[in-house]
Amino acid sequence: MLARCLAVVLVLGLLGARTAFGATVQVGPGVPKPAEAFQVEKFALPQEARVLVVVEGTGGSDCRVYAYEWADKGWEPRVETPGILGKNGMSNHRTTGDKTTPIGVFCMNTPFGQSEAVEGFPSDYIKVKESHVWSDDLNRLVDDKNQVGEHVGTSAYQGYYDYVLDAGFNGKAIPGQGSALFLHCRVPEAVSTGGCVAIPKEEMEKVMKLYGTYGSGACFIAQAPEGTFSQIYESYGVNDGLSPDGDFGV
């Protein structure tokens with residue numbers, strides 16, 4: 001009997017449980033092989049990178065979001081949370097208004113929000129007013145209510161835009177490619193976004209404080225469907241700051 005028990009334990013150990021940054025997936029006969037987990041150390045980033053947010057699409061508008069901080073021994077996990085993304089999933093061919101979240105690796109910028117800054121927030125955090133607009137033409141925040149774009153300080157974005165970081169997609173404001181693609185807070189009733197990534201407010205606060213530790217130019221975001229990250233590991237800065245080419249199955 002003891003030998004049989006040991007044999008069972010050995011078999012289970014060989015089949016094992018695959019852990020992908022907090023997600024445990026059972027594998028074995030009759031169970032589909034899970035998608036390959038991303039490897040955070042493989043992302044090719046500028047030397048000044050100190051924070052990396054990874055958005056892993058898991059189907060539809062669902063995603064898992066992780067934040068890492070660079071330490072002496074490499075990338076250390078700081079945040080892990082479920083999130084939501086664009087109503088139409090992810091895309092590396094995003095166009096204005098298609099409600100997809102862009103695939104790729106980008107440098108985050110422009111910390112702002114409707115809520116007051118708390119200790120540890122970036123020194124350049126902007127508490128927006130009703131006059132602030134994220135300009136469609138410029139793809140950046142301006143204090144000019146006459147601009148065409150998202151009036152980010154108005155009640156229409158209450159809760160969503162308590163804390164916000166621009167994801168850095170289309171930094172050159174190429175027409176037709178989209179703007180106002182953020183990492184921001186999730187409200188309880190939301191099941192998707194217009195293309196942004198949304199996470200719980202308490203987790204967004206942690207990301208904002210990480211950004212505040214290092215400031216502009218040190219914080220990056222990588223976005224792709226699960227199992228496809230190998231196509232974006234070296235994609236930072238390609239295609240004028242848009243998405244990389246490739247077949248992502250979306």
Side-chain angles (χ1 to χ4, degrees), residues 21-23 40 50-69 75-87 89-90 99-102 106-134 140-141 143 149-169 179-216 218-223:
F21 298 88
V40 66
R50 293 296 179 269
V51 176
L52 175 62
V53 175
V54 178
V55 179
E56 183 178 42
T58 55
S61 298
D62 295 325
C63 62
R64 291 186 292 266
V65 179
Y66 310 85
Y68 299 86
E69 182 179 14
W75 292 107
E76 297 288 342
R78 297 291 183 251
V79 172
E80 179 182 336
T81 182
I84 54 174
L85 40 73
K87 180 179 180 180
M90 309 185 89
K99 299 187 185 301
T100 64
T101 296
F106 315 105
C107 184
M108 294 190 293
N109 63 82
T110 316
F112 72 91
Q114 294 188 5
S115 292
E116 297 286 347
V118 299
E119 184 177 357
F121 269 33
S123 60
D124 56 346
Y125 176 87
I126 300 168
K127 185 180 185 298
V128 291
K129 310 182 296 290
E130 289 195 358
S131 57
H132 278 100
V133 177
W134 193 276
R140 63 181 177 87
L141 185 66
D143 189 359
E150 288 192 1
H151 292 250
V152 296
T154 63
S155 60
Y157 298 99
Q158 186 173 1
Y160 298 95
Y161 288 178
D162 283 353
Y163 306 135
V164 186
L165 284 167
D166 178 49
F169 175 75
S179 63
L181 292 160
F182 305 138
L183 178 67
H184 63 69
C185 300
R186 179 180 183 178
V187 298
E189 64 270 22
V191 296
S192 66
T193 73
C196 298
V197 176
I199 59 177
K201 183 176 180 177
E202 60 270 20
E203 305 301 331
M204 187 63 211
E205 182 177 321
K206 294 176 185 177
V207 175
M208 190 68 79
K209 288 180 178 179
L210 285 171
Y211 187 104
T213 300
Y214 301 102
S216 176
C219 303
F220 295 79
I221 188 167
Q223 306 181 150

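Count residues from 1 along the sequence.
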Indicate the atoms forming the closest heavy-atom contact of [X] with [Y], along with that distance.
{"X": "Tyr163", "Y": "Ser115", "answer": "CE2-CB, 3.6 Å"}
{"X": "Cys196", "Y": "Ala180", "answer": "SG-O, 3.4 Å"}
{"X": "Ala198", "Y": "Cys185", "answer": "CB-O, 3.8 Å"}
{"X": "Val207", "Y": "Ala67", "answer": "CG2-CB, 4.3 Å"}
{"X": "Pro102", "Y": "Gly195", "answer": "CD-O, 4.0 Å"}
{"X": "Ile126", "Y": "His132", "answer": "CG2-NE2, 3.9 Å"}

Side chains of [X] and [Y] in contact at under 4.5 Å (non-hydrogen atoms):
{"X": "Leu165", "Y": "Met204", "result": "yes"}
{"X": "Arg186", "Y": "Ile199", "result": "no"}
{"X": "Thr110", "Y": "Trp134", "result": "yes"}
{"X": "Val53", "Y": "Leu210", "result": "no"}
{"X": "Glu203", "Y": "Val65", "result": "no"}

inquiry  = Atom CD of residue position Glu189 - does it have more than 12 heavy atoms of other residues, nucleotides or ligands inside 6.0 Å?
reply    = yes
message = Heavy-atom count check: over 12 atoms from other residues, nucleotides or ligands less than 6.0 Å from Arg78 CZ?
response =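 For Arg78, atom CZ is crowded (more than 12 foreign heavy atoms under 6.0 Å).
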Roughly how far, to the nearest 0.5 Å, is [atom2] of [Y] from [atom1] of [X]?
{"X": "Asp166", "Y": "Leu181", "atom1": "CG", "atom2": "CG", "value": "7.5 Å"}
{"X": "Ser179", "Y": "Arg140", "atom1": "OG", "atom2": "CZ", "value": "12.5 Å"}
{"X": "Thr81", "Y": "Arg64", "atom1": "OG1", "atom2": "CZ", "value": "11.5 Å"}

request  = Please say which of Tyr160, Phe106, Phe112 ends up in a ring-ring contact (aromatic ring centres under 6.0 Å, His included) with Phe182.
outcome  = Phe112
query = Does Thr193 reach the main-chain N or O of Val197 with its side chain, forming a donor-acceptor pair under 3.5 Å?
reply = no
task = For Ser61 and Gly86, indicate whether the former's side chain and the latter's backbone hold a donor-acceptor pair under 3.5 Å.
result = yes
ask   = Taking it one step at a time, do Glu205 and Lys201 satisfy salt bridge (charged side-chain N to carboxylate O under 4.0 Å, His left out)?
value = CA-CA 6 Å; Glu205 182 177 321; Lys201 183 176 180 177; over 6 Å; no
message = Assess the residue pair Tyr161 and Glu150 against the criterion (side-chain contact (heavy atoms from CB on, under 4.5 Å)); give the C-alpha distance rounded to whole Å, side-chain angles, the decisive distance to 0.1 Å, and a yes or no.
response = CA-CA 11 Å; Tyr161 288 178; Glu150 288 192 1; 2.6 Å; yes
Residues that Lys127 engages under side chain to side chain donor-acceptor pair (under 3.5 Å), provided they are two or more places apart =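 If we apply the side chain to side chain donor-acceptor pair (under 3.5 Å) test to Lys127, skipping adjacent residues, there are no hits.
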key: With sequence neighbours excluded, residues passing side chain to side chain contact (heavy atoms under 4.5 Å, CB included) with Pro122   =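 In terms of side chain to side chain contact (heavy atoms under 4.5 Å, CB included), with neighbours along the sequence ignored, Pro122 is linked to Pro111, Asp124, Tyr125, Met208, Tyr211.
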request  = Decide yes or no on side-chain contact (heavy atoms from CB on, under 4.5 Å) for Gln114 and Gln158, but give the supporting numbers first.
outcome  = CA-CA 7 Å; Gln114 294 188 5; Gln158 186 173 1; 4.1 Å; yes
task = Using the side-chain contact (heavy atoms from CB on, under 4.5 Å) rule, take Leu85 and Val55 through it: C-alpha gap first, then chi angles, then the decisive distance, then the call.
result = CA-CA 9 Å; Leu85 40 73; Val55 179; 4.2 Å; yes
inquiry  = One pair to check against side-chain contact (heavy atoms from CB on, under 4.5 Å): Lys209 and Phe121. What are the steps and the verdict?
reply    = CA-CA 5 Å; Lys209 288 180 178 179; Phe121 269 33; 3.9 Å; yes
